[in-house]
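As structure tokens, the structure follows; a few thoughts come after it.
As the structure is a computational prediction, the values presented were derived from the model and not from experiment.
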Amino acid sequence: MGASRSGAAWASLLTGLASVATLPLAVYLTRFSDSYDLLHAGFAIPAAVALGVAALALARRDGRRASLSLSADRKDWPATAGRVLGILGLCLAASALVALAVYGLLEYVGSRD
């Protein structure tokens, strides 16, 4: 069972790509809206986390399938790429969360004066 027959591997790759693209896309879309500010792009953080976790879960499912396979090719590159992209998406979401927390802290400290 190669990479072409594993739906979980390809799904992991696609959800990993979506996880990485979610936050930059949300930030980019703020440029075209008068009512949608950069701060509102933070609402995309849970979506990026959910997609990243889904990518990791799908890659793990493919790894389990590959470990039960009798074929010599046990590693599917789409699952590996999906795993890496899922981790990257989670890292981007974490950094966006830290940025929002720092912004909130600075707003709080600035409003106390």
Side-chain angles (χ1 to χ4, degrees):
M1 299 216 161
S4 62
R5 301 184 83 187
S6 175
W10 287 101
S12 173
L13 177 64
L14 291 176
T15 54
L17 281 171
S19 175
V20 170
T22 298
L23 289 169
L25 182 64
V27 170
Y28 180 71
L29 290 176
T30 61
R31 302 180 84 191
F32 303 107
S33 175
D34 295 330
S35 61
Y36 183 62
D37 295 329
L38 185 59
L39 190 59
H40 293 117
F43 290 118
I45 293 172
V49 169
L51 288 167
V53 169
L56 293 176
L58 288 165
R60 185 174 182 168
R61 179 186 301 173
D62 182 69
R64 286 184 181 161
R65 181 210 47 85
S67 69
L68 296 175
S69 174
L70 295 176
S71 68
D73 182 27
R74 299 178 83 183
K75 288 287 185 182
D76 287 336
W77 70 266
T80 303
R83 182 177 292 114
V84 170
L85 289 171
I87 291 170
L88 182 60
L90 289 174
C91 290
L92 286 172
S95 66
L97 190 61
V98 168
L100 279 179
V102 169
Y103 175 79
L105 179 66
L106 290 175
E107 282 288 317
Y108 174 73
V109 170
S111 68
R112 291 180 50 199
D113 293 335

> Which atom pair, heavy atoms only, marks the closest approach of Gly16 to Ala55?
Replying inline: N-CB, 3.6 Å

> What distance do Ser33 atom OG and Leu38 atom CG have between them, rounded to the nearest 0.5 Å?
Replying inline: 12.0 Å

>> For residues Leu17 and Val49: do they belong to one hydrophobic cluster (side chain heavy atoms under 4.5 Å, members Ile, Leu, Val, Met, Phe, Trp, Tyr)?
In response: yes

>> Taking side-chain contact (heavy atoms from CB on, under 4.5 Å) as the criterion, tell me which of Leu51, Leu85, Leu56, Val20 meets it with Leu90.
In response: Leu56

>> Any side-chain to backbone donor/acceptor pair from Ser111 onto Glu107? Under 3.5 Å, distance only.
In response: yes

>> Students often mix this up, so state it plainly: with edges at 30° and 60°, are the rings of His40 and Phe43 parallel, tilted or perpendicular?
In response: parallel

> Any link between Val53 and Leu92 through a network of hydrophobic side chains (Ile, Leu, Val, Met, Phe, Trp, Tyr) touching at under 4.5 Å?
Replying inline: yes

> Shortest non-hydrogen contact from Gly42 to Leu100?
Replying inline: CA-CD1, 3.7 Å

> Which pair of non-hydrogen atoms, one from Ala47 and one from Thr22, has the smallest distance, and what is that distance?
Replying inline: CB-CG2, 4.2 Å

>> If I take atom CH2 from residue Trp77 and atom CH2 from residue Trp10, how far apart are they, to the nearest 0.5 angstrom?
In response: 3.5 Å

>> On a heavy-atom basis, which atom in Ser19 and which in Ala48 lie closest, and how many Å separate them?
In response: OG-O, 3.0 Å

>> Assigning hydrophobic clusters by single linkage (Ile, Leu, Val, Met, Phe, Trp, Tyr; side-chain heavy-atom cutoff under 4.5 Å), is Ile45 placed with Leu88?
In response: yes

> Which pair of non-hydrogen atoms, one from Arg60 and one from Arg83, has the smallest distance, and what is that distance?
Replying inline: N-NH2, 4.0 Å

> Considering residues at least two apart in sequence or located in another chain, which fulfil the ring-ring contact (aromatic ring centres under 6.0 Å, His included) criterion with Tyr36?
Replying inline: none

>> Restricting to non-hydrogen atoms, name the atom on Asp37 and the atom on Asp34 that form the minimum distance, rounded to 0.1 Å.
In response: OD1-O, 4.2 Å

> Within a reach of under 6.0 Å around CZ of Phe32, are more than 12 heavy atoms found that belong to other residues, nucleotides or ligands?
Replying inline: yes

>> Membership question, hydrophobic clusters at under 4.5 Å side-chain separation (ILVMFWY): are Leu23 and Leu39 in the same one?
In response: yes

